[in-house]
Amino acid sequence: MAKWTPKHEAPEPLEGPVVATVTGGTILWFVLFVAQLPFYGWFDDHGHTWWVWTCLVGTGLGLIGIWYARGREAAIARDAALRARTDPPGVDSPAE
(Lines give C-alpha, C1' and ligand atoms only; values in the text may rest on other atoms or scores of the structure.)
Protein backbone atom coordinates (compact mmCIF):
# COMPACT_ATOMS: atom_id res chain seq x y z
CA MET A 1 0.00 0.00 0.00
CA ALA A 2 1.41 3.38 -1.00
CA LYS A 3 2.08 6.02 1.60
CA TRP A 4 -0.54 8.75 1.59
CA THR A 5 0.75 12.27 1.02
CA PRO A 6 -1.39 15.38 1.28
CA LYS A 7 -2.01 17.23 -1.96
CA HIS A 8 -2.42 20.63 -0.30
CA GLU A 9 -1.62 22.39 2.97
CA ALA A 10 -3.98 22.08 5.87
CA PRO A 11 -6.16 25.14 6.44
CA GLU A 12 -5.64 27.43 9.40
CA PRO A 13 -7.65 26.41 12.47
CA LEU A 14 -10.94 28.22 12.92
CA GLU A 15 -11.09 30.63 15.82
CA GLY A 16 -14.38 31.76 17.23
CA PRO A 17 -16.21 32.37 20.48
CA VAL A 18 -14.70 29.32 22.20
CA VAL A 19 -15.66 30.25 25.77
CA ALA A 20 -19.22 31.06 24.73
CA THR A 21 -19.54 27.79 22.83
CA VAL A 22 -18.24 25.70 25.75
CA THR A 23 -20.46 27.62 28.19
CA GLY A 24 -23.50 27.02 26.00
CA GLY A 25 -22.78 23.31 25.83
CA THR A 26 -22.28 23.13 29.60
CA ILE A 27 -25.60 24.89 30.21
CA LEU A 28 -27.30 22.47 27.82
CA TRP A 29 -25.90 19.44 29.69
CA PHE A 30 -27.07 20.93 33.01
CA VAL A 31 -30.57 21.67 31.67
CA LEU A 32 -30.83 18.10 30.40
CA PHE A 33 -29.73 16.79 33.81
CA VAL A 34 -32.33 18.88 35.66
CA ALA A 35 -35.05 17.98 33.13
CA GLN A 36 -34.44 14.26 33.70
CA LEU A 37 -34.47 14.38 37.50
CA PRO A 38 -38.29 14.19 37.86
CA PHE A 39 -38.22 10.98 35.79
CA TYR A 40 -35.42 9.32 37.75
CA GLY A 41 -37.76 6.53 38.91
CA TRP A 42 -38.68 5.65 35.34
CA PHE A 43 -35.03 5.65 34.29
CA ASP A 44 -34.20 3.42 37.26
CA ASP A 45 -37.02 0.99 36.47
CA HIS A 46 -35.86 0.62 32.88
CA GLY A 47 -32.11 0.48 33.59
CA HIS A 48 -31.37 3.86 32.02
CA THR A 49 -30.03 5.83 34.98
CA TRP A 50 -26.79 6.27 33.08
CA TRP A 51 -28.62 8.86 30.92
CA VAL A 52 -29.08 11.10 33.97
CA TRP A 53 -25.52 10.66 35.20
CA THR A 54 -24.09 11.22 31.72
CA CYS A 55 -25.68 14.68 31.71
CA LEU A 56 -24.20 15.43 35.14
CA VAL A 57 -20.75 14.30 34.00
CA GLY A 58 -21.13 16.41 30.84
CA THR A 59 -21.84 19.40 33.09
CA GLY A 60 -18.73 18.73 35.19
CA LEU A 61 -16.50 18.27 32.15
CA GLY A 62 -17.99 21.42 30.66
CA LEU A 63 -16.99 23.39 33.76
CA ILE A 64 -13.45 22.12 33.33
CA GLY A 65 -13.67 23.07 29.66
CA ILE A 66 -14.76 26.63 30.53
CA TRP A 67 -11.80 26.97 32.88
CA TYR A 68 -9.43 25.65 30.21
CA ALA A 69 -10.85 27.80 27.39
CA ARG A 70 -10.70 30.97 29.49
CA GLY A 71 -7.08 30.22 30.38
CA ARG A 72 -6.27 29.56 26.73
CA GLU A 73 -7.79 32.86 25.60
CA ALA A 74 -5.95 34.72 28.37
CA ALA A 75 -2.66 33.14 27.27
CA ILE A 76 -3.31 34.10 23.64
CA ALA A 77 -4.07 37.68 24.69
CA ARG A 78 -0.90 37.84 26.84
CA ASP A 79 1.18 36.55 23.93
CA ALA A 80 -0.34 39.08 21.53
CA ALA A 81 0.36 41.92 23.99
CA LEU A 82 3.96 40.75 24.46
CA ARG A 83 4.50 40.54 20.70
CA ALA A 84 3.03 44.02 20.24
CA ARG A 85 5.46 45.44 22.82
CA THR A 86 8.58 43.64 21.56
CA ASP A 87 8.13 43.74 17.75
CA PRO A 88 9.39 46.87 16.11
CA PRO A 89 6.80 48.71 14.01
CA GLY A 90 6.67 47.67 10.37
CA VAL A 91 8.23 44.24 10.97
CA ASP A 92 5.98 41.23 10.57
CA SER A 93 6.12 38.48 13.16
CA PRO A 94 7.36 35.11 11.92
CA ALA A 95 4.57 32.84 10.73
CA GLU A 96 3.76 29.95 13.00
Side-chain angles (χ1 to χ4, degrees):
M1 180 170 229
K3 182 179 176 184
W4 180 82
T5 57
K7 297 188 184 336
H8 53 79
E9 281 191 42
E12 290 292 320
L14 296 175
E15 289 293 334
V18 177
V19 175
T21 303
V22 175
T23 301
T26 303
I27 291 169
L28 181 62
W29 278 116
F30 183 70
V31 166
L32 290 170
F33 170 71
V34 171
Q36 290 179 355
L37 281 179
F39 306 102
Y40 189 82
W42 183 89
F43 286 117
D44 192 32
D45 292 343
H46 293 85
H48 295 304
T49 55
W50 65 271
W51 288 7
V52 178
W53 301 119
T54 298
C55 292
L56 186 61
V57 169
T59 301
L61 291 174
L63 291 172
I64 294 169
I66 292 169
W67 171 76
Y68 179 83
R70 289 183 66 190
R72 177 183 178 270
E73 284 195 356
I76 291 170
R78 280 192 312 269
D79 182 60
L82 179 64
R83 286 177 188 254
R85 281 197 315 259
T86 59
D87 287 344
V91 177
D92 292 333
S93 296
E96 295 180 14

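When reading the values below, keep in mind they use all heavy atoms of this one structure, side chains included, and skip hydrogens, waters and symmetry mates.
- Note that the CH2 atom of Trp51 and the CD atom of Gln36 stand 7.5 Å from one another [nearest 0.5 Å].
- Tested against Val19, the residues Thr21, Thr23, Val22 include a single side chain to side chain contact (heavy atoms under 4.5 Å, CB included) partner, Thr23.
- Taking CG of Asp45 as the reference point, atom CZ of Phe39 lies at 13.5 Å (rounded to 0.5 Å).
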Between side-chain atoms of residues 52-77 and protein atoms elsewhere (two or more places apart, or another chain), which donor-acceptor pairs fall under 3.5 Å?
| residue | atom | partner | partner atom | Å |
| --- | --- | --- | --- | --- |
| Thr54 | OG1 | Trp50 | O | 2.6 |
| Thr59 | OG1 | Phe30 | N | 3.2 |
| Thr59 | OG1 | Cys55 | O | 3.0 |
| Arg72 | NH2 | Glu15 | OE2 | 3.0 |

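- In this structure, the separation between CG on Leu28 and CG on Leu32 is 4.5 Å, given to the nearest 0.5 Å.
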